[in-house]
There are 2 protein chains.
Amino acid sequence: MANMREIAKEAGVGISTVSRYINNTGYVSERSRAKIERVIEKSHYKPNELARAIFTRNSKIIGLLVPNISNPYFNELALIIEEYASEQGFSIFLCNTNDDFEKESNYINVLQGHRVAGIITVRSQCKNEYAAYDIPVVSFESYISEKIITVATDNFTGGSLAFNHLYECGCRNLVHVAGPLFADAISERTRGFIESAREKNITVDLIQFETDFQRKMLEANIKTLEDIEKYDGIFVFNDIAAATVIRYFQQKNVRIPEEVQVIGFDNSYIGEFLFPSLTTIEQSVQEVGRTLVEALLKLIKGEAVDQKKIIIKPNLVKRDSTRVSK
Amino acid sequence: MANMREIAKEAGVGISTVSRYINNTGYVSERSRAKIERVIEKSHYKPNELARAIFTRNSKIIGLLVPNISNPYFNELALIIEEYASEQGFSIFLCNTNDDFEKESNYINVLQGHRVAGIITVRSQCKNEYAAYDIPVVSFESYISEKIITVATDNFTGGSLAFNHLYECGCRNLVHVAGPLFADAISERTRGFIESAREKNITVDLIQFETDFQRKMLEANIKTLEDIEKYDGIFVFNDIAAATVIRYFQQKNVRIPEEVQVIGFDNSYIGEFLFPSLTTIEQSVQEVGRTLVEALLKLIKGEAVDQKKIIIKPNLVKRDSTRVSK
DNA sequence: GTGAAAGCGCTAACAG
DNA sequence: CTGTTAGCGCTTTCAC
């Protein structure tokens with residue numbers, strides 16, 4: 001692929017004229033314009049963004065770190081982020097961290113090396129790894145440091161909503177399927193659920209899932225569900241895990257919501273496809289995605305972001321896996 | 001962030017010594033080594049990959065174009081591609097084309113501008129747009145040109161398998177939910193299904209879906225399903241669309257597989273979460289992902305790839321949305 | 001072993 | 001309006 005100097009020579013103009021033409025910065029006569037246009041056209045020339053970025057000191061790329069792009073909530077989030085970002089001329093550099101500290105911190109280095117304009121990180125496990133650099137970072141779910149903006153659902157309230165709903169639906173014998181312990185956001189859901197239960201003098205049994213990766217869940221965690229049908233209400237830490245739980249019940253011919261009621265968390269699209277469709281606590285993926293991108297873009301543009309902690313309000317989405325008693 | 005020259009000065013060595021140290025190319029004395037190491041350590045220096053790439057003439061980045069990352073098959077594919085690629089030191093630049101020609105061709109330019117090492121494109125609608133550049137490209141599903149490697153399932157056979165299975169399950173009154181017409185791969189499924197039916201003197205009714213994006217499907221295409229319960233067997237062009245169809249049946253209280261049997265295509269993870277779980281034609285996402293990356297990596301390394309067309313064998317995955325009659 | 005210097009492709013003054 | 005020139009941060013000869 002040709003470079004700018006070649007284009008200039010071929011068009012019989014100076015290199016900076018070509019630059020001005022391309023960037024629309026400064027005057028270029030009609031004659032030069034026409035000549036340049038022709039040469040670029042036939043040579044399929046595209047300015048090298050790498051060389052460009054070396055100047056502007058960063059590329060128009062946003063690094064997106066998610067645990068696992070095949071989690072429905074995360075991929076819908078990625079879709080939305082990509083949509084907003086591309087409207088603003090930014091592209092997405094996708095990183096699956098696999099919930100693995102090493103992989104995440106390695107990717108931080110890679111992104112740093114590529115001088116990305118900013119990073120959106122989801123359910124991060126790294127702290128100093130981000131602090132060490134001066135790239136704008138916005139974090140969803142995990143709190144990283146004072147300087148880094150956190151966007152998070154009010155997970156405590158979310159857990160509380162989940163409890164209240166199950167309670168209203170008549171459940172008194174509850175179990176909570178809790179998620180990976182390293183994730184603050186997920187632990188908060190657990191706390192909110194349990195504390196609300198305590199207020200009503202109800203104790204909650206716990207089952208621990210170590211991961212929310214489809215394949216691994218199906219293989220490993222299913223055995224922890226053994227006696228789960230002795231409960232009448234279950235709160236699962238997210239929708240995809242809830243899907244696994246529901247699937248398990250189907251296999252065991254346990255009827256939902258007649259015998260057990262189930263509530264998830266996220267309101268990802270998978271909930272609508274389950275049978276019965278999943279009652280869940282929504283953290284609006286639209287809102288989260290937009291908030292994340294907007295905050296990051298501000299940071300990138302050097303504008304101040306007043307709040308260091310942006311809270312998303314959770315709310316109940318009632319479907320068929322629970323039923324109001326009476 | 002510091003640059004190499006500053007590191008060199010700080011360490012009291014020449015810039016090229018630092019370069020040699022970092023790239024492990026050529027000798028560096030123990031003394032210099034130690035000094036450089038210290039300076040890099042405390043300054044969090046990361047070499048600028050952009051500047052580097054300007055030399056090597058491309059970055060270690062692979063562009064991935066998919067219609068929609070929230071389609072379960074595509075996001076699982078993306079996960080696998082990212083996994084393989086990152087093992088080889090490549091990262092992923094994610095592009096959602098939205099099945100939109102403009103957006104795809106625009107992204108091709110962006111990727112080109114960033115001098116990505118290669119492109120994996122899924123269900124592409126562009127042709128010349130790729131041919132114009134000399135970046136390695138591997139295409140999944142769509143045939144682009146003679147020069148560009150195509151990886152595709154034998155979709156015709158897949159459609160045929162789908163028919164044969166429904167036939168064996170006793171279905172005689174068939175309808176096919178066909179997908180977007182611009183996608184060759186999807187049309188082939190239709191052809192395979194219909195031709196096999198014709199051999200048995202069975203005619204197949206057709207319903208057309210214009211998209212396979214969850215949200216759009218639910219809103220728009222559902223009305224085309226109106227009279228669908230008059231059939232006893234349905235072949236849907238992919239799993240996520242089949243999920244929509246199944247959901248529709250649930251709402252109408254039509255029993256699967258007792259009243260209608262359903263078969264999908266892809267074997268994406270969503271199939272296992274549906275109720276009843278979805279019988280489908282698998283195009284192994286593992287195999288597809290690996291094949292795609294391997295072929296692209298060969299191209300990137302300048303190795304020859306013997307086959308321009310790599311065929312993936314489809315096969316039946318029997319679950320609960322169909323039943324063998326008898 | 002090591003540093004100076006040229007150059008990758010581009011941008012941004014700055015004279016003319 | 002336009003071309004020359006000096007970098008951006010890095011790699012890579014090539015003398016010392």
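So that the names make sense, note that chain A is the first sequence line, chain B the second, and so on, each numbered from 1. All values reported here derive from a predicted model rather than from experimental measurement.
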What is the nucleic acid contact for [X], judged by heavy atoms within less than 4.0 Å: base, sugar-phosphate only, or nothing?
X	result
A:S29	sugar-phosphate
A:Y21	nothing
B:S32	sugar-phosphate

How about [X] and [Y]: does a side-chain donor come under 3.5 Å of a side-chain acceptor?
X	Y	answer
B:S29	B:S32	yes
B:S70	B:N68	yes
B:Y133	B:N109	yes
A:Y45	A:E6	no

Is there a side-chain contact between [X] and [Y] (heavy atoms, below 4.5 Å)?
X	Y	value
A:I40	A:I22	yes
A:I61	A:H114	no
B:P67	B:F213	yes

Legend entry - Reference residue A:I312; test side chain to side chain contact (heavy atoms under 4.5 Å, CB included); the match among A:N155, A:T291, A:V285: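 So, applying the side chain to side chain contact (heavy atoms under 4.5 Å, CB included) to A:I312 and each of A:N155, A:T291, A:V285, only A:T291 qualifies.
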
Legend entry - Note: A:R52-A:E49 ion pair, threshold 4.0 Å (strictly below):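 Answer for the salt bridge query: yes.
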
Inset, instruction - Answer yes or no: is there an ion pair linking B:K216 with B:D99, defined by an N-O contact shorter than 4.0 Å? - result: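 Judged by the 4.0 Å cut-off on N to carboxylate O distance, B:K216 and B:D99 do not form a salt bridge.
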
Can you tell me the distance, in whole Å, between the [atom1] atom of [X] and the [atom2] atom of [N]?
X	N	atom1	atom2	answer
A:R20	C:dC10	CZ	C1'	14 Å
A:Y27	C:dC14	OH	P	19 Å
B:R5	C:dG7	CZ	P	16 Å
A:I15	C:dA13	CD1	C1'	14 Å

Inset, instruction - Mind checking side chain to side chain contact (heavy atoms under 4.5 Å, CB included) for B:V39 and listing every partner two or more places apart, or none if nothing turns up? - result: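 Here the qualifying residues are B:I7, B:E10, B:A11.
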
Inset, instruction - Check whether more than 12 heavy atoms from other residues, nucleotides or ligands sit under 6.0 Å from atom CD of B:E41, and answer yes or no. - result: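 Result for CD/B:E41: open.
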
Legend entry - DNA chain D: 5'-most and 3'-most nucleotides touching chain A, 4.0 angstrom heavy-atom criterion: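 Contact span on the strand: D:dC1 to D:dG9.
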
Legend entry - Nucleic acid contacts - residues 33-41 of chain A versus DNA chain D, non-hydrogen atoms under 4.0 Å: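 Output list: empty, so none.
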
Inset, instruction - Using heavy atoms and a sub-4.0 Å distance, could you list which residues of residues 46-60 of chain A are near DNA chain D? By number, please. - result: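 Heavy-atom contacts with DNA chain D come from A:I54, A:F55, A:R57.
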
Inset, instruction - Would you please confirm or rule out a distance under 4.0 Å between OP1 or OP2 of C:dG3 and any side-chain N or O of B:T17? - result: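 Yes, because at least one side-chain N or O of B:T17 sits under 4.0 Å from OP1 or OP2 of C:dG3.
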
Legend entry - hbond_proxy B:S16 side chain to C:dA4 base (donor-acceptor, 3.5 Å cutoff):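 Side chain to base: pair present.
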
Legend entry - Inter-end axis angle, the helix from C:dG1-D:dC16 to C:dG16-D:dC1, with every axis fitted to five base pairs (rounded, 10 degrees):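 About 40° separates the two local helix axes.
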
Inset, instruction - Kindly write out the residues that satisfy salt bridge (charged side-chain N to carboxylate O under 4.0 Å, His left out) with A:E82, not counting sequence neighbours, or none if the list is empty. - result: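 Scan of A:E82 (salt bridge (charged side-chain N to carboxylate O under 4.0 Å, His left out), adjacent residues dropped) gives B:K103.
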
Inset, instruction - Check whether any side-chain N or O of B:T97 sits under 3.5 Å from a backbone N or O of B:E104 as a donor-acceptor pair, and report yes or no. - result: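 Checking the backbone N and O of B:E104 against the side chain of B:T97, no donor-acceptor pair under 3.5 Å is found.
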
Inset, instruction - Find which nucleotide of DNA chain C each of B:G26 and B:R115 is nearest to by heavy atoms, and output the residue with the more 5' nucleotide. - result: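 Comparing both residues, the 5'-ward one is B:G26.
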
